[in-house]
Amino acid sequence: MTFQGITPYLMYDDAGAALDWLSRVFGFRERSRYVDKDGVVQQAEMLVGSTELWMGGHPGYWAEKGRRPDDTYIIIWVDDVDAMYERVQAAGVTAEPPQDQSYDVRNLHVQDPEGYNWSFTRRLGTGYVQTKSLEEGGLKEVWPS
Amino acid sequence: MSHPGSVRVTIFVDVDPAVAFEVFTEEMDAWYKDTIPGAPVRERRGMLRFDEAGRRVLRGDEEIGRIVVWQKGQRLVFVDRRETEVDVRFEPEGAQTRVTLEHRGLERLSPADGLSVVQYGWRRLAVHFEEYMMQKEES
């Protein structure tokens, strides 16, 4: 057995609007949308590079749950984080500029209209960079034995 | 899904819209696979084809649909015997063609039949067309 990929299945109050937003702002490609007799998108699939993103939901989904999407980040590996930032800005969406992180990546965080956090990320190749002492909350590197 | 109304599928093929339209309409019998995983294989009752002049969709000599829009290289719309409508658009996107297939009017079917169309209809057939195009490009 080999693992062949991973597909997030995200729930939205308005999956149709999410589909349009993710397509317009990020450039994900719509694969399919399943619409009920009232015109509500109930299921949808997108292609993100060679991987898939699935979504579902219905109006009032999060009210029924009594919460919003949690703090989970969906990380998308890209070859050019800054180009993604330009694309997002051009689409009229506000986001902080990309940053190099101590944990060996450069990333851009964007929140979609329903609250999911998307992180467009590229490896820096620096390895983990210790920016704080252990006393200040820095991480101690421990190798597997 | 309670009662489906429509299903829309988008695929991308590495040819221009004119070629994609031509293959879709002229080689339908080759790419269209009406088998459902796990179900008995049905014997074909005749060649599937579009009869542009007669504005018909045919299986052998039997009319199984009628063409309502035929814009060569751009768009094709046909209505089947259950009065549901299939709208196929061919649009350039870079060096590729975006083929969007939308099957509408499923609310006219029973919920179970509509769901069957969603599960086994154009979502699957679009993938067959995409695979067929890839095989053509490789050969």
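Chain naming here is simple, since letters A, B, ... match the order of the sequence lines and numbering starts at 1 in each.
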Checklist line | Hphob cluster co-occupancy, Ile74(A) + Met11(A), side-chain heavy atoms under 4.5 angstrom | finding: yes
Checklist line | Neighbour count >12 (heavy atoms, 6.0 Å) for atom CD, Glu96(A) | finding: no
Next item on the list: Give, as side chain, backbone, both or neither, the part of Leu106(B) having an atom under 4.5 angstrom from any heavy atom of chain A.
Entry: neither
Notebook entry, point to check: More than 12 non-hydrogen atoms from neighbouring residues, nucleotides or ligands closer than 6.0 Å to CG on Leu134(A), yes or no?
Noted result: yes
Margin query: For a 4.5 angstrom cut-off between non-hydrogen side-chain atoms, does Ile11(B) reach Arg31(A)?
Written below: yes
Notebook entry, point to check: Roughly how far apart are Leu109(B) CG and Lys37(A) NZ, rounded to 0.5 Å?
Noted result: 13.5 Å
Checklist line | Atom CH2 of Trp21(A) with >12 non-hydrogen neighbours under 6.0 angstrom | finding: yes
Item checked: Check ion pair Arg98(B)-Glu30(A) (N to O, under 4.0 angstrom) -> no
